[in-house]
Amino acid sequence: MPGADHHARRCLGERSERERLDPFVVATGDASPRDQRDLMERPFFSLAKAKRIAPILYDSGGHRVEVHAMPEHGMATIWDADVLIWAASQIVEAENHGLRTSRFLRFTPYQLLQAVGRATGAREYRLLKGALARLQSTVIRTTIRHGEHWRRHQFSWINEWEELTSCDGRVEGMEFVLPDWFYRGVIDRSLVLTIDPLYFRLTGGIERWLYRVARKHAGHQQHGWLFEIALLISVET
């Protein structure tokens, strides 16, 4: 949300990312849900609905993930990740039709909420803004997909966001900017998988995470897939 920091950037002559990027205007919410592979397997999100402040520290197979939360908002949850699934879905769908996309998305809350199977009342709009706040304030440090001369990438799930309201306070539109790490993982089709729309009906955090892990690894393999319990435990903690 624009505020003192936004004003300071103006005074210093700095431009926000939204001023430097061409917006990708989402025309419809109708797109097959798609998830980003790296997010499906590793512990990037809290699996609890209660506020989590304790960091997630994960190190396995040469890949490290650290997730840090701010006390004011708490850590982004696996339900908040629906926003990123929706964003990935829209980007892939648009590119399938030859449209130009961007890390800067412009949309209506109704489009997003409807696509992820949620109601569109005032309560859901408030919950969406809470999710955006957590996504922006959660800090991730990871070595996944690091470049040859880079060891760790640090970012938040959303760099900045803003809502457009009418005179009577109704939310008419929203904008947010995705981090480059996530966007590059979406436009690389080998790093994206289609998921079942029924995923959004799963109410438990562990159930959601298990579905994403199984979908990422098992897919449609004829003989299934084996997974070590020890790794399950290390990911959950």
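Everything numeric in this text was worked out from a predicted model, so none of it was measured.
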Check this for me: Y110, atom OH, are more than 12 non-hydrogen atoms of other residues, nucleotides or ligands nearer than 6.0 Å?
no
With hydrophobic residues grouped by side-chain heavy-atom distances under 4.5 Å, do [X] and [Y] end up in a single group?
{"X": "F155", "Y": "I187", "result": "yes"}
{"X": "Y199", "Y": "I206", "result": "yes"}
{"X": "W181", "Y": "I140", "result": "yes"}
{"X": "L191", "Y": "L178", "result": "no"}
{"X": "I78", "Y": "L202", "result": "yes"}

Could you tell me whether the side chain of [Y] reaches within less than 4.5 Å of the side chain of [X], counting heavy atoms only?
{"X": "L132", "Y": "E163", "answer": "no"}
{"X": "D82", "Y": "L112", "answer": "no"}
{"X": "R212", "Y": "F45", "answer": "yes"}
{"X": "T77", "Y": "K49", "answer": "no"}
{"X": "N96", "Y": "R189", "answer": "yes"}
{"X": "V65", "Y": "T142", "answer": "yes"}
{"X": "Q136", "Y": "E160", "answer": "yes"}
{"X": "I91", "Y": "V192", "answer": "no"}

Test your reading of the model: is there a side-chain donor-acceptor pair from [X] to the backbone of [Y], 3.5 Å cut-off?
{"X": "S89", "Y": "R34", "result": "yes"}
{"X": "W79", "Y": "A131", "result": "no"}
{"X": "T138", "Y": "A76", "result": "yes"}
{"X": "Q90", "Y": "A87", "result": "no"}
{"X": "E175", "Y": "W161", "result": "no"}
{"X": "R215", "Y": "T194", "result": "yes"}
{"X": "S156", "Y": "N159", "result": "no"}
{"X": "R141", "Y": "Q154", "result": "no"}
{"X": "H97", "Y": "E93", "result": "yes"}
{"X": "K216", "Y": "L39", "result": "no"}

Are Y58 and F44 an aromatic pair, judged by ring center distance below 6.0 Å?
no
To the nearest 0.5 angstrom, please state how far the [atom1] atom of [X] sits from the [atom2] atom of [Y].
{"X": "L113", "Y": "W86", "atom1": "CG", "atom2": "CH2", "answer": "9.5 Å"}
{"X": "Q36", "Y": "I195", "atom1": "CD", "atom2": "CD1", "answer": "12.0 Å"}
{"X": "R103", "Y": "I158", "atom1": "CZ", "atom2": "CD1", "answer": "12.5 Å"}
{"X": "R134", "Y": "M70", "atom1": "CZ", "atom2": "CE", "answer": "13.5 Å"}
{"X": "I56", "Y": "L47", "atom1": "CD1", "atom2": "CG", "answer": "7.0 Å"}
{"X": "I144", "Y": "E41", "atom1": "CD1", "atom2": "CD", "answer": "8.0 Å"}

Which pair of heavy atoms, one from [X] and one from [Y], lies closest together, and at what distance?
{"X": "M75", "Y": "D80", "value": "O-OD2, 4.4 Å"}
{"X": "T120", "Y": "Y125", "value": "O-CE1, 2.9 Å"}
{"X": "D180", "Y": "R184", "value": "OD2-NE, 2.6 Å"}
{"X": "P71", "Y": "K51", "value": "O-NZ, 3.1 Å"}
{"X": "G74", "Y": "S137", "value": "O-OG, 4.2 Å"}
{"X": "D196", "Y": "P33", "value": "C-CG, 4.4 Å"}

Is [Y] paired with [X] through a side-chain N to carboxylate O contact shorter than 4.0 Å?
{"X": "R37", "Y": "D188", "answer": "no"}
{"X": "E124", "Y": "R118", "answer": "no"}
{"X": "D22", "Y": "R100", "answer": "yes"}

Parallel, tilted or perpendicular: which fits the ring planes of W157 and F182, with parallel below 30° and perpendicular above 60°?
perpendicular
Derivation and outcome, side-chain contact (heavy atoms from CB on, under 4.5 Å), residues L193 and D35
CA-CA 5 Å; L193 285 174; D35 210 346; 5.5 Å; no
